[in-house]
Every structure is written in C-alpha cells, then in structure tokens.
Amino acid sequence: MSGSGLAQDNLPAAPSATREQRKPQSPPAADPAKTDNSAQQEQSNVAPKPADVSAASRTSSGPTADEDAATTIRVPVNEVNVIFTVTDKHGRYVKNLKKSDFNVVDDSKPAAEIRSFHNETDLPLQVGLLVDASNSVRDRFKFEQESAIEFLNQTVRPRYDRAFVVGFDVTPEVTQDFTDNTEALSRGVRALKPGGGTAMYDALYFACRDKLLKAQRGGPTRRAIILLSDGDDNQSHVTREESIDMAQRAEVIVYTISTNITGTRARGDKVLERIADATGGRAFFPFQITDVANAFIEIQDELRSQYALSYKPADFHTDGRYHTIEILAQNHKGLRVRSRRGYYAPAQ
C-alpha cells in the first residue's frame with residue numbers, strides 16, 4: 001500500500017516491538033511515509049492529548065513526543081469509565097435498567113462508589129472502520145465494502161458522530177480521517193484495494209493509540225472499532241495481547257467480523273473472538289456473504305443500546321497496574337453483562 005498512515009519503524013514501544021527494532025523510534029507526527037492527503041489531514045486533526053483522560057486511558061509507557069515538547073500538568077483521576085451492554089437469555093438488549101440494578105467488582109473487590117450512571121443510547125460515537133486489505137480477503141471484498149458503507153451511512157450522524165477508515169495489509173493506511181461526512185467516508189472505503197500480507201495487530205494498535213486515544217472529546221463518548229479480517233496475522237511487530245492492551249487503554253470496544261468463508265472456524269476466528277471478548281465487543285462469523293450486512297446491522301443496534309457508568313475503585317493506586325472489571329446485574333435473572341475485561345491504572 002502506498003501512502004501508509006503508519007511506517008513500521010513508528011510502531012509504539014510495545015515490548016515485542018522494541019525487541020525487534022534496531023534504531024530509535026521517531027514520533028508519529030514526523031512519519032515521512034505520510035504523503036497522501038488523508039495522512040496530512042490526520043496529522044492536522046489529531047489532538048496531542050484527550051481532554052478528559054481517565055484512569056483507564058492513562059498509559060505507563062513513558063512520555064510521548066508531545067509531552068517532551070511542552071510541560072504537562074497531570075491531575076490525578078481515580079474514576080474508571082465503563083461502557084457495557086446487557087442482554088437477556090434470548091440475546092435481546094435490555095435497555096431499561098437503573099443504577100441500583102448493578103454492582104461493580106474491581107480486582108475482586110466491590111467498588112467504593114458508583115459515581116455516575118447513564119443509559120447511553122444517544123451518546124456521541126467515535127468509530128474506526130479497520131478493513132483487512134490483504135490478499136487473503138479478496139473473494140468477497142467488494143461486498144464487504146458496500147456493507148461497511150451502508151453501516152456508516154446509517155450510524156454516523158452529522159455534527160454528532162465521527163468516524164475514520166483504515167485499510168491494512170503490511171501497514172495501515174488512513175483512507176479517510178475523522179469526519180461526520182458519510183460521502184467522504186464512503187469514498188474512503190471505496191479507495192481500499194486488496195493486496196499484500198497481514199499486519200492486523202499493528203493496525204489495531206495504531207488505530208487505538210494514534211486515532212482514538214488522541215481524539216478530542218468534549219464530553220463522554222463511545223469509542224468503537226469495527227475490524228474486518230480473517231484474523232490471520234503474519235506481519236505485525238506488536239503481539240495480539242499488546243494490541244488488546246492498547247484498546248483497553250483507549251477505552252475502545254472492538255467488534256470483529258470474520259472474512260473466513262470456509263464454513264468452519266479457523267485459527268484466525270479464535271483470535272478475532274479473543275480481541276472482541278477482551279474489549280467488551282462481539283465477534284461475528286458470517287460464513288454466508290449476505291450475513292455480512294446483518295453483522296453490521298447488529299453492531300449498529302448494539303451501539304444504540306448501551307449503558308455507561310463511572311466508579312471509584314476501593315483500592316486505587318497510580319502504579320500503572322492492570323485491574324480486572326466485572327459488572328454484575330442484580331435483582332434480575334438470566335441477564336448477561338458484556339464490557340471490557342479491565343483497565344490500566346495511571347502511572348505515577
């Protein structure tokens with residue numbers, strides 16, 4: 001792919017990536033590979049820091065290039081934000097529950113306090129569409145593009161939601177940066193061309209760190225990625241778990257749609273299921289081509305059927321440590337709560 005949104009040498013300093021690299025990493029803003037208009041637009045639109053960094057989105061990987069350039073005043077935050085979905089035993093969304101219907105467990109300890117609770121059917125969306133453009137997904141690529149375009153047209157509301165499009169083979173390429181313009185997003189999807197290897201973990205890491213984590217938020221938002229791939233990664237510098245960790249730091253829910261058409265679950269499908277499960281999303285396996293559109297419809301419905309709460313952990317320390325999250329529905333039988341599995345506390 002030409003005009004890549006991320007050069008390989010600019011991958012974040014994940015443990016597995018730094019073991020492979022022989023030269024110091026340059027900051028993403030100085031990436032010489034960004035030569036196309038979409039990449040230039042990306043640089044101009046990306047904010048150096050989110051306006052409301054929460055405990056879940058603070059990283060412990062050291063200062064960034066933006067932090068080196070200016071003094072940053074950090075305000076400790078001991079609140080964790082979680083977006084979650086509740087379904088009944090038949091898989092139907094339950095949308096009328098209240099704060100008193102839930103308990104939160106943080107690292108096996110009940111939360112000290114649930115500070116806020118909302119039914120977030122209308123919360124602004126920040127959505128990333130990541131499309132595998134490697135040779136392995138050629139068979140029904142055109143149909144998947146059209147299904148993705150229909151999803152964006154139905155989901156993105158002007159002046160309210162924003163989305164971006166990234167295609168990836170060996171490297172990710174931003175074909176359309178953050179916008180609420182569905183025509184521009186459609187052009188970004190149609191600009192994707194299949195060819196090359198597959199670096200799916202790198203693409204997910206990039207989209208979470210360089211796009212969603214750095215995106216400005218004027219208030220509470222829902223961050224989601226829809227990932228279309230066969231899950232068979234053969235080129236990434238970061239690992240599967242490192243890409244999941246970054247999604248959790250950026251408070252991103254990942255929905256995966258498998259492009260496997262063999263009719264049986266492949267190894268890559270298990271990878272997609274692991275990514276979705278860890279981030280509070282869902283994995284879809286549309287073996288029939290017509291089921292692809294149905295998967296997008298289900299994702300759209302879920303994005304409008306979620307809850308959000310913030311809570312104070314009982315035992316909170318700024319140690320950069322990973323904490324598990326479990327949200328329990330009480331007073332109701334047969335309900336299933338789905339959320340991200342954990343978060344990273346900010347580092348001191």
Next item on the list: Look only at the side chain of Gln235 and the backbone of Met200, and say whether a donor-acceptor pair between them is shorter than 3.5 Å.
Entry: no
Mind listing the side-chain donor-acceptor pairs of residues 329-336 below 3.5 Å, one per line with the distance, residues two or more places apart or on another chain?
residue : atom : partner : partner atom : Å
Gln330  : OE1  : Asn103  : ND2          : 2.7
Gln330  : NE2  : Ser100  : O            : 2.8
His332  : NE2  : Asp101  : OD1          : 3.2

Note to self: Can you see whether Tyr201 has Arg240 sitting over its ring - NZ or CZ less than 6.0 Å from the centre and within 45° of the normal?
What the structure shows: no
Check: How would you list, by chain and number, every residue that makes a side-chain contact (heavy atoms from CB on, under 4.5 Å) with Lys270, sequence neighbours excluded?
Finding: none
Notebook entry, point to check: Closest heavy-atom contact between Asp319 and Ala345?
Noted result: OD1-CB, 3.8 Å
Item checked: Val337 vs Thr85 side-chain heavy atoms within contact, under 4.5 Å -> no
Checklist line | Nearest heavy-atom neighbours spanning Ser229 and Leu272 | finding: O-CD1, 3.3 Å
Next item on the list: Take Asp107 and Lys109 through the test salt bridge (Lys or Arg N to Asp or Glu O under 4.0 Å) and record every step on the way to the result.
Entry: CA-CA 6 Å; Asp107 262 4; Lys109 298 179 181 178; over 6 Å; no
Note to self: Run the side-chain contact (heavy atoms from CB on, under 4.5 Å) test against Leu152 and tell me which residues pass, sequence neighbours left out.
What the structure shows: Leu129, Val156, Ala163, Val165, Leu185, Val189
Notebook entry, point to check: Do Phe296 and Leu228 come close enough that some side-chain heavy atom pair is under 4.5 Å?
Noted result: yes
Note to self: What verdict does the side-chain contact (heavy atoms from CB on, under 4.5 Å) test give for Lys95 and Gln306, after you've listed the backbone C-alpha separation in whole Å, the side-chain angles of each residue and the deciding distance to 0.1 Å?
What the structure shows: CA-CA 7 Å; Lys95 306 178 185 181; Gln306 294 174 320; over 6 Å; no
Note to self: Going by side chain to side chain donor-acceptor pair (under 3.5 Å), name the residues that satisfy it together with Lys312, two or more places apart in sequence or in a different chain.
What the structure shows: none
Margin query: Just to verify, what does Tyr160 make a side-chain contact (heavy atoms from CB on, under 4.5 Å) with, not counting sequence neighbours?
Written below: Asp122, Pro124, Arg157
Checklist line | Heavy-atom check, side chain of Leu204 versus side chain of Glu242, under 4.5 Å | finding: no
Item checked: Worked verdict on Asp232 versus Arg267 for salt bridge (Lys or Arg N to Asp or Glu O under 4.0 Å) -> CA-CA 7 Å; Asp232 187 14; Arg267 181 182 63 178; 3.3 Å; yes
Next item on the list: Just jot down the side chain to side chain donor-acceptor pair (under 3.5 Å) partners of Gln300, sequence neighbours excluded, or say none.
Entry: none
Checklist line | Ser339 side chain to Gly280 backbone, donor-acceptor under 3.5 Å | finding: no
Next item on the list: Apply side-chain contact (heavy atoms from CB on, under 4.5 Å) to Ile226 and Phe151, showing your working.
Entry: CA-CA 10 Å; Ile226 293 88; Phe151 165 79; 3.7 Å; yes
Notebook entry, point to check: Which residues satisfy the ring pair (Phe, Tyr, Trp, His ring centres under 6.0 Å) test with Phe84, sequence neighbours excluded?
Noted result: Phe102, Tyr307
Checklist line | Met246 side chain reached by Asp210 side chain, heavy atoms, under 4.5 Å | finding: no
Note to self: Let me confirm one number: the OH-OG1 distance from Tyr205 to Thr239, rounded to the nearest 0.5 Å.
What the structure shows: 8.5 Å
Next item on the list: Give a yes or no answer on whether the side chain of Gln248 reaches the backbone of Ala278 with a donor-acceptor pair at less than 3.5 Å.
Entry: yes
Next item on the list: For Thr175 and Gly188, indicate whether the former's side chain and the latter's backbone hold a donor-acceptor pair under 3.5 Å.
Entry: yes
Notebook entry, point to check: Is Gln145 close to Val131 at the side-chain level, that is, under 4.5 Å between some pair of heavy atoms?
Noted result: no
Notebook entry, point to check: So how far is it from Ile275 CD1 to Glu241 CD, rounded to the nearest 0.5 Å?
Noted result: 8.5 Å
Item checked: Thr155 to Arg304 - nearest heavy-atom pair and separation -> O-NH2, 2.6 Å
Next item on the list: List for me each residue that meets side chain to side chain donor-acceptor pair (under 3.5 Å) alongside Tyr93, sequence neighbours excluded, and say none if there are none.
Entry: Arg282, Glu302
Margin query: Checking Ala266 now: which residues fulfil side-chain contact (heavy atoms from CB on, under 4.5 Å) with it, not counting sequence neighbours?
Written below: Asn260, Asp269
Check: Is any side-chain heavy atom of Arg338 closer than 4.5 Å to a side-chain heavy atom of Ile327?
Finding: no
Margin query: Could you work out, with side chain to side chain donor-acceptor pair (under 3.5 Å) as the rule, every residue matching Asp88, not counting sequence neighbours?
Written below: Arg92
Note to self: Please tell me whether Ile297 and Phe284 are part of a single hydrophobic cluster in this structure, the criterion being side-chain heavy atoms less than 4.5 Å apart.
What the structure shows: no
Check: Going by side-chain heavy atoms closer than 4.5 Å, which hydrophobic residues are tied to Phe285, directly or by a chain of links?
Finding: Phe287
Check: SG of Cys208 to CD of Glu251: how many Å apart, nearest 0.5 Å?
Finding: 11.5 Å
Item checked: Exercise: identify the closest heavy-atom pair between Gly196 and Ser134 -> O-CB, 3.4 Å
Note to self: Pair Val80, Ser310 - check side-chain contact (heavy atoms from CB on, under 4.5 Å), show working.
What the structure shows: CA-CA 5 Å; Val80 180; Ser310 66; over 6 Å; no
Check: Is Asp291 reaching over with its side chain to a backbone N or O of Asn294, donor-acceptor style, under 3.5 angstrom?
Finding: no
Checklist line | Gly197 backbone acceptor or donor facing Asp169 side chain under 3.5 Å | finding: no
Notebook entry, point to check: Does Asp132 reach the main-chain N or O of Thr198 with its side chain, forming a donor-acceptor pair under 3.5 Å?
Noted result: no
Check: Got a second to check how far Thr279's OG1 is from Asp277's CG, nearest 0.5 Å?
Finding: 8.0 Å
Note to self: Just verifying a value: how many Å separate Ile225 CD1 and Lys211 NZ, rounded to the nearest 0.5 Å?
What the structure shows: 11.0 Å
Note to self: Using side-chain heavy atoms (C-beta onward) and a distance below 4.5 Å, is Ile257 in contact with Glu144?
What the structure shows: no
Notebook entry, point to check: When you look at Lys99 and Ile114, which way does the side-chain contact (heavy atoms from CB on, under 4.5 Å) test go after all the steps?
Noted result: CA-CA 8 Å; Lys99 175 181 174 180; Ile114 296 179; 3.8 Å; yes
Notebook entry, point to check: For the atom pair OH (Tyr343) and OG1 (Thr324), what is the distance rounded to the nearest 0.5 Å?
Noted result: 8.5 Å
Margin query: Could you check whether any side-chain N or O of Asp161 sits under 3.5 Å from a backbone N or O of Leu125, counting only pairs where one atom can act as donor and the other as acceptor?
Written below: yes
Next item on the list: Please report the shortest heavy-atom distance between Asp315 and His323, naming the atom on each side.
Entry: O-CE1, 4.1 Å
Check: So, does Arg209 use its side chain to make a donor-acceptor pair with the main chain of Ala250 at under 3.5 Å?
Finding: no
Next item on the list: For the pair Glu146 and Arg190, evaluate salt bridge (Lys or Arg N to Asp or Glu O under 4.0 Å) and give the outcome as yes or no after the intermediate values.
Entry: CA-CA 8 Å; Glu146 295 306 316; Arg190 290 193 175 99; 3.4 Å; yes
Check: Between Thr87 and Gly91, what is the shortest heavy-atom contact and its length?
Finding: CG2-O, 3.8 Å
Check: Apart from Val105 itself, what residues make up its hydrophobic cluster when side-chain heavy atoms of I, L, V, M, F, W and Y under 4.5 Å apart count as a link, directly or indirectly?
Finding: Leu328
Next item on the list: Check whether any side-chain heavy atom of Tyr311 lies under 4.5 Å from a side-chain heavy atom of Asp106, and answer yes or no.
Entry: yes
Check: Are side-chain N/O atoms of Arg223 and Gln126 paired as donor and acceptor at under 3.5 Å?
Finding: yes
